Number of protein chains: 2
Amino acid sequence: MGVSIEDVAEQAQVSTATVSRALRGLPRVSPATRARVLAAAQELGYVPSRSASGLASGLTRTVGLLVPFVDRWYFGRAVEGIDQVLRDSGYNLLLFSLGGGHGHGRKRSFTEAMVRKQIDALLVLSLGLSPEELCQLQHTGIPLLSVGGPVEGCSGVFIDDRAAARAATEHLIALGHRRIGYLQGGSDDEQSFEVPNLRTAAFAAAMSRAGLELRPEWMLPGDFTVSGGVRAAAQIYDLPGESPTALFCGSDEMALGAMFEAQRRGMRIPEELSLIGIDDHDFSAPAGLTTVAQNPWEQGRVAATMVLAELGGVSGAVQGRIMPFELVERGSTAPPQR
Amino acid sequence: MGVSIEDVAEQAQVSTATVSRALRGLPRVSPATRARVLAAAQELGYVPSRSASGLASGLTRTVGLLVPFVDRWYFGRAVEGIDQVLRDSGYNLLLFSLGGGHGHGRKRSFTEAMVRKQIDALLVLSLGLSPEELCQLQHTGIPLLSVGGPVEGCSGVFIDDRAAARAATEHLIALGHRRIGYLQGGSDDEQSFEVPNLRTAAFAAAMSRAGLELRPEWMLPGDFTVSGGVRAAAQIYDLPGESPTALFCGSDEMALGAMFEAQRRGMRIPEELSLIGIDDHDFSAPAGLTTVAQNPWEQGRVAATMVLAELGGVSGAVQGRIMPFELVERGSTAPPQR
DNA sequence: CTGTTAGCGCATTCAG
DNA sequence: CTGAATGCGCTAACAG
């Protein structure tokens with residue numbers, strides 16, 4: 001079955017130690033010998049056993065990725081970027097999805113055991129870690145890096161969420177809106193994840209800086225999802241009395257939900273209601289949604305690259321990095337008509 | 001650093017072999033001994049080394065998952081389902097994303113080496129495999145199962161795509177439509193994946209069965225994506241002369257693209273144009289899109305369960321399975337007005 | 001029911 | 001520059 005390093009050694013007339021060196025591109029191997037080994041390995045279709053080399057070297061050449069979901073835009077994109085740089089460096093990607101709430105409400109139970117002795121580093125995607133969890137993870141001693149949001153006590157790669165939310169809010173204010181509502185992301189079981197709170201705080205700050213009133217009935221949770229956006233928006237649209245002329249949504253998914261619900265009711269966008277989100281989801285350009293764009297794919301690449309550098313011996317390569325965002329104006333925002 | 005099985009053995013006053021048996025729940029261990037071992041392992045914070053047990057047993061307890069993307073609805077959902085059953089059985093999920101075309105146009109180069117000696121089974125997600133690729137994979141001797149579409153020479157878990165496409169087409173026909181266009185999925189670098197062709201063939205068959213004309217200028221490729229749907233739809237809407245009264249789209253993403261483009265032009269749906277897709281994407285219900293629903297999450301679970309059973313010794317557990325679909329009528333389809 | 005004995009396939013000392 | 005020896009941590013026969 002398995003072609004082992006011994007078979008290659010025999011075929012190339014050298015020792016297994018030399019085969020090992022030659023195949024990994026280490027020095028101290030003459031060009032001629034290396035060529036011979038490579039040829040032999042090629043001919044025999046030799047593939048080193050990950051288990052064996054992992055056991056012998058203590059390294060797995062595998063990076064773990066902990067995600068709350070994979071089936072949402074931000075996460076899928078980030079995973080894609082991460083996988084790409086890992087794969088290009090010969091590393092494997094071990095996926096741990098918490099699968100938040102799908103189906104049988106699986107509990108969030110990742111443990112040290114999931115992680116230890118099977119990965120060389122861990123990337124944590126847009127996830128709040130409790131102090132205990134973080135402590136467990138840090139205790140393993142492997143490089144740890146968050147992507148998509150800050151995790152206390154751990155470096156991260158993400159945008160400045162306060163600034164992004166502020167840019168969105170101020171865009172609406174600059175347009176002349178004064179009655180502005182807000183759809184907040186996040187859910188209860190994700191309390192420790194700061195991103196939604198940062199955005200909310202920045203929205204509130206921008207509003208008060210402009211001397212505008214925060215109306216609690218116009219600030220609803222939408223869970224970062226389309227359907228959450230639909231629900232929250234419907235609730236606001238149903239309110240008697242004065243309505244907001246604009247809605248800032250903490251994610252494009254929610255903004256699109258709000259847009260669908262508005263269209264269903266025959267409301268005109270942006271004439272009757274301006275809508276802005278954050279992300280630049282695939283659907284946003286086709287839908288004409290104004291948004292604050294970010295690039296999770298690139299964020300993933302940057303994070304994976306850092307981790308690889310660290311594993312490659314560049315101590316201090318894993319560090320925090322603020323990534324850019326950009327306001328993209330499309331058709332869903334305009335000055336208020338009333 | 002690492003607490004090894006020997007430490008546990010010493011602590012529990014037994015041999016390493018007994019520790020191994022006890023921890024894995026094998027028979028031939030007295031309850032008292034087992035309890036002692038468990039306690040010792042717990043106390044020491046012992047975590048077995050995957051590499052070591054893999055090397056000794058020849059099993060990795062890891063399943064590979066080969067996907068073209070992860071950042072699209074069907075794939076993300078399927079991955080979620082797969083991950084869940086794998087994780088619940090203590091298996092790891094090793095992700096291989098081909099990352100089709102993102103950024104630097106990475107070539108599709110997964111090799112035997114990616115797969116061999118590091119996974120116990122491989123799941124292939126909605127991917128056409130060339131004969132050589134399939135041969136390589138089968139040569140490894142591990143269980144192989146496709147999800148989301150047929151792969152010649154390999155069992156698969158997926159819906160009856162012909163029947164699904166037929167249901168969609170006949171829904172439009174039953175409504176009275178006679179001028180029906182079609183947006184096809186798939187791209188050139190995915191020629192070997194049969195799903196788009198199956199749907200196209202079924203559409204054509206249903207049309208001719210009803211005595212309706214197939215108009216080539218109304219049958220355009222949309223790449224399964226929103227933006228592809230926008231482009232294809234725009235091209236059809238721009239056509240001079242008679243327009244179709246309905247569009248069947250090979251995926252909801254494309255249908256939603258067609259919907260966005262229609263709305264941008266002020267076309268009324270379903271009054272001026274009926275739209276139907278396949279999938280039941282997250283956005284479809286909020287958008288009011290009629291569709292033929294399928295459940296990739298469940299498909300993933302079924303496939304993963306089969307593979308696990310096979311690995312568990314149930315020979316023949318991996319087999320083809322046709323999963324259900326269901327027509328879900330929403331607001332985007334209605335009888336033609338003209 | 002339990003301990004002993006061998007490797008699993010490779011990376012690493014160290015000599016040469 | 002190369003080879004022989006050693007052990008990574010665990011599982012899998014065997015005995016007992």
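In the text below, chain A, chain B and the rest are named by the order of the sequence lines, each starting its count at 1. Just so you know, these numbers use all the heavy atoms, side chains as well, and skip hydrogens, waters and symmetry mates. Bear in mind the structure is a predicted one, so any value in this text is a computation, not a measurement.
- Distances shown here put a side-chain N or O of A/Ser20 below 4.0 Å from the OP1 or OP2 atom of C/dA11.
- Taking the side chain of A/Pro48 as heavy atoms from C-beta on, and the options D/dC10, D/dC1, C/dC10, the nearest nucleotide is C/dC10.
- Side-chain N/O atoms of A/Ser49 include none lying less than 4.0 angstrom from OP1 or OP2 on C/dC10.
- The CD-P distance, from A/Gln13 to D/dG3, rounds to 10 Å in whole Å.
- Within the 4.0 Å cut-off from OP1 or OP2 of D/dT2, not a single side-chain nitrogen or oxygen of A/Arg21 is found.
- Under 4.0 angstrom from either OP1 or OP2 of C/dG3 there lies at least one side-chain N or O belonging to B/Thr18.
- You'll find that the side chain of B/Val14 is closest to C/dG3, out of C/dC8, C/dG3, C/dT12.
- Shortest non-hydrogen contact noted between A/Ala121 and A/Val307 is CB-CG1, 3.5 Å.
- Atom CD of B/Glu10 is surrounded by 12 or fewer heavy atoms from other residues, nucleotides or ligands within 6.0 Å.
- Checking D/dC8, D/dA12, C/dA11 against every side-chain atom of A/Ile5, the shortest atom distance belongs to C/dA11.
- Taking side-chain N and O atoms only, B/Ser30 has a distance below 4.0 Å to OP1 or OP2 of C/dT2.
- If you measure from atom NZ of A/Lys117 to atom C1' of D/dC8, you get 11 Å, rounded to the nearest angstrom.
- Comparing B/Ala52 and A/Arg24 along DNA chain C, the residue whose closest nucleotide (by nearest heavy atom) sits nearer the 5' end is B/Ala52.
- With the nearest nucleotide of DNA chain C identified for both B/Ala17 and B/Ser57, B/Ala17 has the one nearer the 5' end.
- For A/Leu55 and D/dC8, the CG to C1' distance is 4 Å, given to the nearest whole Å.
- In the displayed structure, A/Arg321 atom CZ is contacted under 6.0 Å by at most 12 heavy atoms of other residues, nucleotides or ligands.
- Atom CG in A/Leu26 sits about 14 Å away from atom C1' in D/dT2, given to the nearest Å.
- Over its length, the helix from C/dC1-D/dG16 to C/dG16-D/dC1 turns its helix axis by 30°, as judged from the five terminal pairs at each end, rounded to 10°.
- In this structure, A/Arg72 is positioned above the aromatic face of A/Phe69, its NZ or CZ under 6.0 Å from the six-membered ring centre and within 45° of the axis.
- Straight-line distance from the CD atom of A/Glu10 to the P atom of D/dT2: 18 Å, rounded to whole Å.
- Here the closest non-hydrogen pair linking A/Arg21 and A/Val29 is CB-CG2, 3.6 Å.
- Distances were taken from every side-chain heavy atom of A/Ala56 (C-beta onward) to each of C/dG3, D/dG3, C/dG9; the shortest belongs to C/dG9.
- Smallest separation of non-hydrogen atoms from A/Ser146 and A/Phe158: OG-CE2, 4.1 Å.
- Neither OP1 nor OP2 of D/dG9 sits under 4.0 Å from any side-chain N or O of B/Ser4.
- Side-chain proximity of B/Thr33 to C/dA11, C/dT2, D/dG9: nearest is C/dT2.
- Remark: B/Gln138 CD is packed, more than 12 non-hydrogen atoms of other residues, nucleotides or ligands lying under 6.0 Å away.
- The separation between B/Arg28 atom CZ and D/dG16 atom P is 16 Å, rounded to whole Å.
- Panel note: side chain A/Gln11, backbone A/Ala41; no donor-acceptor pair is recorded below 3.5 Å.
- If you measure from atom CG of B/Asp120 to atom P of D/dT11, you get 14 Å, rounded to the nearest angstrom.
- Distances were taken from every side-chain heavy atom of A/Thr16 (C-beta onward) to each of D/dA5, D/dG3, D/dG9; the shortest belongs to D/dA5.
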